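In what follows, a structure is listed as structure tokens, so that the remarks can point back to it.
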Amino acid sequence: MGRVLGKGAVIAATICAVGAAGATLASAEGGFTTSMSNVAGGFESRTWKDRNSDHWRTAVELSGCSSNSPQAAPALGLYRERLGPDSNYGTRGYGGCDRRMVRGDWGDVRSGKYHFTVKNMPESWYRVSARKVQVWY
């Protein structure tokens with residue numbers, strides 16, 4: 001009888017552990033999806049708060065993008081907002097509007113409030129649009 005209870009306890013503990021892992025994955029910090037239409041260099045996205053509780057990467061992807069710039073694509077800069085100048089996490093841009101997708105990936109960043117900025121659009125009349133802008137953090 002003690003042996004059966006032991007197996008039952010192991011099974012119950014396994015079910016609880018799997019359930020907790022699933023809940024953790026389902027409640028990962030997350031992201032959001034939006035779009036951009038006809039934006040110029042210097043455009044800043046909305047701000048999001050990354051608590052970094054999951055220690056996962058921060059990435060931005062523009063899909064279905066188009067641009068009137070002769071350059072292949074805009075680049076994306078990631079900034080952590082703070083008093084004084086924002087912390088610059090660098091500029092990324094993989095892919096290109098000629099491939100209809102631009103992706104920037106900054107890896108695991110510290111907790112804080114963030115936004116991305118459209119860069120690499122040298123002339124003020126150059127514009128970029130994206131049907132889908134997806135941000136993961």
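Values below: all heavy atoms of this structure, side chains included; hydrogens, waters and symmetry mates excluded. Numbering starts at 1 and runs along the sequence shown. From a predicted model like this one, the values you see are computed outputs, not experimental measurements.
At distances below 3.5 Å, at least one donor-acceptor pair connects side-chain atoms of W106 with backbone N or O atoms of G90. For N38 (side chain) and S129 (main-chain N/O), no donor-acceptor pair under 3.5 Å exists by modelled atom type. Between the side chain of E29 and the backbone N or O of R51, at least one donor-acceptor pair lies under 3.5 Å.
Shortest non-hydrogen contact noted between A75 and N120 is N-CB, 3.6 Å. Shown here for A59 and R103, the closest heavy-atom pair between the two residues is CB-NH2, 3.7 Å. Pairing each heavy atom of V128 with each of P74, the nearest pair is CG2-CG, 3.8 Å. Counting all heavy atoms, side chain and backbone alike, G104 lies closest to L76 at N-CD1, 4.3 Å. Taking all atoms of both residues into account, the shortest heavy-atom contact from S111 to R80 is O-CD, 3.7 Å. Contact between R127 and A40 at its shortest, heavy atoms only, is NH1-CB, 3.1 Å.
Expressed to the nearest 0.5 Å, how far OG of S63 lies from CE of M101 amounts to 8.5 Å. Annotation: the span from K49 atom NZ to E81 atom CD amounts to 10.5 Å, rounded to 0.5 Å. Between atom CG of residue L78 and atom NZ of residue K119 there is a gap of 10.5 Å, rounded to the nearest 0.5 Å.
Side-chain contact between T117 and E44 is present, with heavy atoms from C-beta onward closer than 4.5 Å. The shortest distance between side-chain heavy atoms of M36 and V118 falls below 4.5 Å. Residues S45 and H115 have side chains in contact (heavy-atom distance under 4.5 Å, counting atoms from C-beta outward).
Among Y114, Y137, F116, the one residue that satisfies the ring pair (Phe, Tyr, Trp, His ring centres under 6.0 Å) test with Y89 is Y114. Considering D50, D108, D105 in turn, D105 is the only one that fulfils the salt bridge (Lys or Arg N to Asp or Glu O under 4.0 Å) rule with R57.
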